[in-house]
Engineer: 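Attaching a single structure in C-alpha cells format; questions to follow.
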Amino acid sequence: MSSYNEDDAFEAAARVPLSQRAMQGAMADRPAPYLDDLNPEQRRAAETLDGPVLMLAGAGTGKTKALTTRIAHLLNTGTALPNQILAVTFTNKAAREMKDRVGRHLGGPAEGMPWMGTFHSICVKLLRRHAELIPIRAQASDDVLDEGDSAAQPAAVHLKNTFTILDTDDQIRLLKQLITAEGLDEKRWPARALAGVIDNWKNRAWTPEAVPAAESSAFNDRGVKLYAAYQRRLIELNAVDFGDLLLHVVSIFQNHEDVLAQYQRWFRYILVDEYQDTNVAQYLWLRLLAAKHRNICCVGDDDQSIYGWRGAEVGNILRFEKDFPGAAVIRLEQNYRSTPHILAAASAVIAGNKGRLGKELWTEAEEGEKVRLMGHWDGEEEARWVGEEIEDARAGRGRYRDRDNPRSETFQQELDRRAKQGLGRVTRQEFVRWAFESGTAFSDFKVQKLLKILLRDDPKAENMYKALLASPVDKYSYNEIVILVRASHQMRAFEDRFLTIGLPYRVIGGPRFYERLEIRDAMAYFRLAVSPDDSLAFERIVNTPKRGLGNVAQQKIQTTARANGVSLVEGARILLESGGIGGKGAKELRALIDGIGRWHGAVLDDRTSHIELAEVILDESGYTTHWQNDKSPDAPGRLENLKELVKALENFDNLQGFLEHVALIMDNDREEAEDKVTIMTLHGAKGLEFPAVFLPGWEDGLFPSQRSMDESGVKGLEEERRLAYVGITRAEEICTITFAANRRVYGQWQSQMPSRFVDELPEDHVEVLTAPGLYGGGYGAAAPSAAVEERASKADVYSSPGWKRMQARSQSGPSRAASMVIDAKAVSKFTAGERIFSQKFGYGTILGVENDTLDVEFDKAGAKKVKAGFVVAAERADDVPF
DNA sequence: GAGGTTGCTATTTTT
DNA sequence: TAGCAACCTC
C-alpha cells in the first residue's frame, strides 16, 4: 500500500474509457477544430504543450476556456493520457467547472481524469496512499503533556491511511486542551489565535522543527512547543487538519525521493489555476512535482491576488520565469466581459500598484455607460439610494429608461417575430433552441426555470411561456445585479433597507451548511459509527444531548482513557465496568456506548442502508428528540437541516464516502432559482460577473481597510487596491461606486473621507451623479450638467486636493446649498478645551485630540468622536450658511 | 442545567 | 452598538 506501485500506471491507463482512447487515435493526426474558437493568445496557450508556461490572464479574458481547451488538446493529440495530467484548482466549484468543460470538449463526461481537483482533495488521495510515511515526532524531553499523557494511545507510531480530517471546531478544542496543559491562561492566549499562528506556519510548509528562530516568540514563547505537541496529538488521534494535507505531502516528497520520483514521472503535464493564490506549501508541492518534466502551466493574474492575508504569495507568480527559466509567458488581454469605460476605470486604479507583471486589457465591446460615482450623507441613505436604483434598473425607469440592454433587445425581437407570426404552438425543441440562441434572455431566472420545467415535459409549460411573453420586459433582472462590500457588516444596512421595501435579495457567505452546529453534531455521531476510536467526535457529543455527564464525568473518562492508553469510548467502557461512575450518567453513558457499538456493527455488516442507519443513529442517540423538544425559534430550522443532511447521503454509497466528501467540500453554492439581488463580499465575488455591480462604502478606513493598511502597510494597501480592481472588473455593463460622508462604526458616528481609490478613478470614464449642494453631495462631486456650479466643474472635482476637500452641507435643504470648504488637514488648529461647532451635532467642547480625530463632548448630542475636518471653531460657526 | 449578567471585541475565508 | 462567550447564580 505504502509505496507507489508502477503497476498502477498500467492499470490506470487501462481504465481510460474506450471512447477516449479511440478518440485519441482518431484525432491524433487531424486538425483540431476546437482551437478555432480561441483568439491567438488563447490558442498559443492551448497549443504550447511542452515546457513551462505562464498564462497571465486578466479578468474576463477567457482563461478557463484556454485552460480547458489545452487539456482537451493534450488528450486529443495523444500527448498525454487522462491520468497523466495533474490539474489543480482552489475551489471545488472551479474543479467542477473544469471537469464539465473538458467533458464538453471531449463530448462526454471527463471521467478517467483522476488527478483533476483541488489541492486539498488531491493531497488527501496522495496522503491516503502514503500515510505511514508520516512518523510520530520523537518525543522531546520538555514536551507538553509530558507526565501521564505519554501513555495515551501509544500504538501510534505513524499516521494511518484511515486518518480523519479535522474541522476547525475539533482543532480549537484540541488546542484548548494543550494550552491549558501548558499552564497558560486560555483567556489571554486564546486557542483561536494559536490556530492562526500554526496555520500560518503550515502555509509556509514549516514543520515544528523547521519554524525559524525568529518566530520563537510567538504565542508567549510557547508557540513552537505547542505546535509540536499539537502535531503529535494529531497523529496519536490518527487525524490531520487542513494545513497538514499539504504539509504532510510536501514532507513525504522531501524525505522520500523514491515516492517523489514516481509521481514526477507520473504527472507529465501539470496545470494550475489561480496561481497567484498559491501559498508557500503549495508552491513547493508544485515545484517538486514539476521538477522532472517541467511541463507546468500556471494560470493566474497578479492583479487579482487578494488572499495574501491567508498565506498566498503574489511572489510565486512574479517569480515564475526565474523558477522555470525559458518559460513561455502568454498574456490574455482581450476582455470579453466589460465595457471600455469599466475596463479603463479598473486599469487606472490598478496602475497605482508597483511591481506588477503588467497587462493591458482591451475590448471590442461598445462604449456603454461610464462608471458612476455617487456620494451620500450616510450609510442609510446609501442603502436607500441603491435600493431605488435597483428598482429603476429593473423597471427601466429614470436613468435606465433609454438604456439599450442587448439581452432585452434579443428578447424583444423574438417577441415581435412571434407576434407577427401569430404565436403558434411552442414545441420543446423550439423553445430550447431559442433560449440557447438568445443567450440569457431578459430575465435569466425565468428562462432557466421554464427550461427546467419544459425539460421535464410539464404540461404547464406552455402557459408559463405565454405568461412570460405577456410580462413586461425587465431591463435588468434582480439576478443580474450584485452589491459587493468590503466587510460583511456592511451588508446589514442593505438587508434592512431591502426588507422594508420588499426587494428580494440573497446573501452569499453566511455560515455554511456543514459548519452549522447541528450538522457538525450529527456528523460527529456518524464519525463514531464509522470509527469508534474517533475521540474528538466522542468528546463533542458525549453530553449532547444532555446525558448528565458534566465536567467531572468527562474528566474521569479522559483520565481513564489516558491511563489505559485507549480511545475515549474504550476509556468510558472501562470506567463503567470499574464502577467509577454512577447514577443517571452511568446509565446514559452505557446506552451511548452500546449505541456506538451497535452502529459501528451496522456500518461493518452493511445490511442496513446507510441512509436508514443515519436516521437510526440520530433517533437512538436522542439527537432528533433533543431538537424537537427545544423551544427556541431556530430549532425547526435545525431539524430541517438534519433532514437535508440525511437527504444528502443519497448521493453516496456509504457513510465513509460521505464523511470524506464533506470534510473537503464545505459546499456553499446551492443554486437558487429565484430572482434576487445578490449581496456578497468582494472576496467572494472573484471569478464571477454581473451585468450591474454596486460597490458601496468606498471610504478611507473602510475601503481600503484601515486595519489592512496598519498591519501590512503598502503591501496591505496594494492588496486592497487589487480588491478594488476585482470589484470593478466584475461588472459587464454598469458599475456604480458609492461612498458616504458619515457612518456608524461600533455604535459611534464617524465622518468618512472618500476612498483614495475614488481619486484614482480616471475622470474621463466616470460620471459623477452626486448633485451639488444636495445632502450628501457635500464632497467636491458635482453634476457636470449643473452650470451654476461653474467652480466645481468636473476638472475641478478631480484636481486634488479639491476632490479631497469636503464641503459643508446646508441642513436646511438643498436649495440653499452650502459650499464652505473646510481643510481636512487643519488638524493642529484644535486643542483640548476649545469650543467647536459641527454641522451634525452642533456646539461642543473638545476633550481630546488624536491626529485628525477629535473627542468632543457635544452640548446636545453627548460624547462623540469626529474628524477634525467636519468641525469649525465655535466663533466661526456663523461662516456656515443656513 | 437553565437563564441572566458581564465583559470583550470588532476584515477579508477556502479547504 | 451588537453579538458572543464565559461566568455566575439559583
Side-chain angles (χ1 to χ4, degrees), chain A residues 88-95 117-124 165-168 171-172 176 185-188 190-193 195-196 199 202-203 240-247 273-274 277-279 281-282 305-312 379 484-493 508-512 514-515 543-551 584-585 629-632 660-669 680-687 697 701-712 716 719-720 722-724 726-727 743-750 864:
Chain A
V88 265
T89 62
F90 275 85
T91 64
N92 290 296
K93 201 174 158 199
T118 63
F119 276 102
H120 293 267
S121 69
I122 288 170
C123 281
V124 172
I165 302 165
L166 293 196
D167 62 32
T168 335
Q171 207 183 336
I172 299 289
K176 250 182 208 164
D185 180 5
E186 213 257 303
K187 274 225 188 79
R188 260 173 62 89
R192 293 211 155 274
D199 216 49
K202 287 187 175 176
N203 283 339
V240 301
D241 65 17
F242 274 115
D244 284 337
L245 290 175
L246 268 146
L247 181 70
D273 195 15
E274 306 280 15
D277 286 340
T278 49
N279 59 33
Q282 286 155 340
S305 163
I306 54 174
Y307 285 110
W309 49 274
R310 65 178 198 211
L484 301 178
V485 297
R486 172 67 247 262
S488 39
H489 65 250
Q490 291 173 261
M491 294 178 177
R492 179 128 181 210
I508 308 278
R512 279 173 283 279
Y514 288 111
E515 273 172 12
N543 205 27
T544 313
K546 299 276 180 276
R547 297 194 169 87
L549 297 161
N551 274 339
K584 178 171 174 274
N629 294 342
D630 193 306
K631 310 178 284 296
S632 68
E660 174 102 8
H661 166 83
V662 166
L664 289 172
I665 280 283
M666 295 284 168
D667 225 339
N668 202 19
D669 38 45
M680 63 171 137
T681 63
L682 286 161
H683 283 92
K686 197 165 79 161
L702 182 60
F703 185 48
S705 128
Q706 192 59 51
R707 188 153 163 191
S708 195
M709 293 187 292
D710 290 348
E711 282 173 9
S712 318
E719 184 153 312
E720 297 284 308
R722 291 193 288 268
L723 212 40
V726 167
R743 208 175 275 282
R744 224 174 12 191
V745 182
Y746 307 140
Q748 297 254 313
W749 277 101
Q750 288 204 325
K864 304 272 177 216

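Values in this document were obtained by computation on a predicted structure and should not be read as measured data. Protein chains get the first letters and strands the later ones, always in sequence-line order, with residue 1 at the start of each.
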Engineer: Using a heavy-atom cut-off of under 4.0 Å over every strand shown, decide if A/Arg192 touches base, sugar-phosphate, or nothing.
Structural biologist: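 Here A/Arg192 touches no strand at all.
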Engineer: Would you mind classifying the nucleic acid contact of A/Ser488 as base, sugar-phosphate or nothing, using non-hydrogen atoms under 4.0 angstrom?
Structural biologist: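 Here A/Ser488 touches the backbone only, sparing every base.
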Engineer: Base, sugar-phosphate, or nothing: which does A/Thr681 touch, judged by heavy atoms less than 4.0 Å apart?
Structural biologist: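 Sugar-phosphate contact only - A/Thr681 comes under 4.0 Å of backbone atoms but never of a base.
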Engineer: Closest approach to the side chain of A/Arg310, judged atom by atom: which nucleotide of B/dT11, B/dT14, C/dA6 is it?
Structural biologist: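 The closest nucleotide is B/dT14.
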Engineer: Identify the heavy atoms of A/Glu720 and A/Ser705 that sit nearest to each other, and give their distance.
Structural biologist: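 That would be OE1-N, 2.9 Å.
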Engineer: How would you label the contact of A/Gly243 with the nucleic acid (heavy atoms, under 4.0 Å): base, sugar-phosphate, or nothing?
Structural biologist: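 No contact at all - A/Gly243 keeps every heavy atom at 4.0 Å or more from the nucleic acid.
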Engineer: Say we look at C/dA2 and B/dT13: how far apart would their C1' atoms be, to the nearest angstrom?
Structural biologist: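 Pairwise C1' distance, C/dA2 against B/dT13, rounds to 22 Å.
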Engineer: Between B/dT13, B/dT15, B/dT11, spot the one nearest the side chain of A/Arg707, thanks.
Structural biologist: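 Ranking B/dT13, B/dT15, B/dT11 by closest atom to the A/Arg707 side chain puts B/dT11 first.
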Engineer: Select one nucleotide: of B/dT11, B/dT13, B/dG1, the one nearest the side-chain heavy atoms of A/Trp309.
Structural biologist: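 Between B/dT11, B/dT13, B/dG1, the one nearest the side chain of A/Trp309 would be B/dT13.
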Engineer: Less than 4.5 Å apart, side chain to side chain, heavy atoms only: is that true for A/Phe119 and A/Thr278?
Structural biologist: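 Result yes, sub-4.5 Å side-chain heavy-atom pair found.
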Engineer: What nucleotide among B/dT13, C/dA2, B/dT11 has an atom nearest to a side-chain atom of A/His489?
Structural biologist: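 Out of B/dT13, C/dA2, B/dT11, the nucleotide with an atom closest to A/His489's side chain is B/dT11.
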Engineer: Within the structure shown, what part of the strands sits under 4.0 Å from A/Arg486 by heavy-atom distance: base, sugar-phosphate, or nothing?
Structural biologist: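 Base contact - A/Arg486 has a heavy atom under 4.0 Å of at least one base atom.
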Engineer: Base, sugar-phosphate, or nothing for A/Glu720, non-hydrogen atoms under 4.0 angstrom?
Structural biologist: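 Since a base atom lies under 4.0 Å of A/Glu720, the category is base.
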Engineer: Please report the distance, rounded to the nearest Å, between CG in A/Leu484 and P in B/dT11.
Structural biologist: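 In whole Å, B/dT11 P and A/Leu484 CG are 19 Å from each other.
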Engineer: Is A/Arg310 salt-bridged to A/Asp277, cutoff N-O under 4.0 Å?
Structural biologist: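 No salt bridge links A/Arg310 with A/Asp277.
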Engineer: What is the nucleic acid contact for A/Phe90, judged by heavy atoms within less than 4.0 Å: base, sugar-phosphate only, or nothing?
Structural biologist: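 A/Phe90: backbone/sugar contact only, no base atoms under 4.0 Å.
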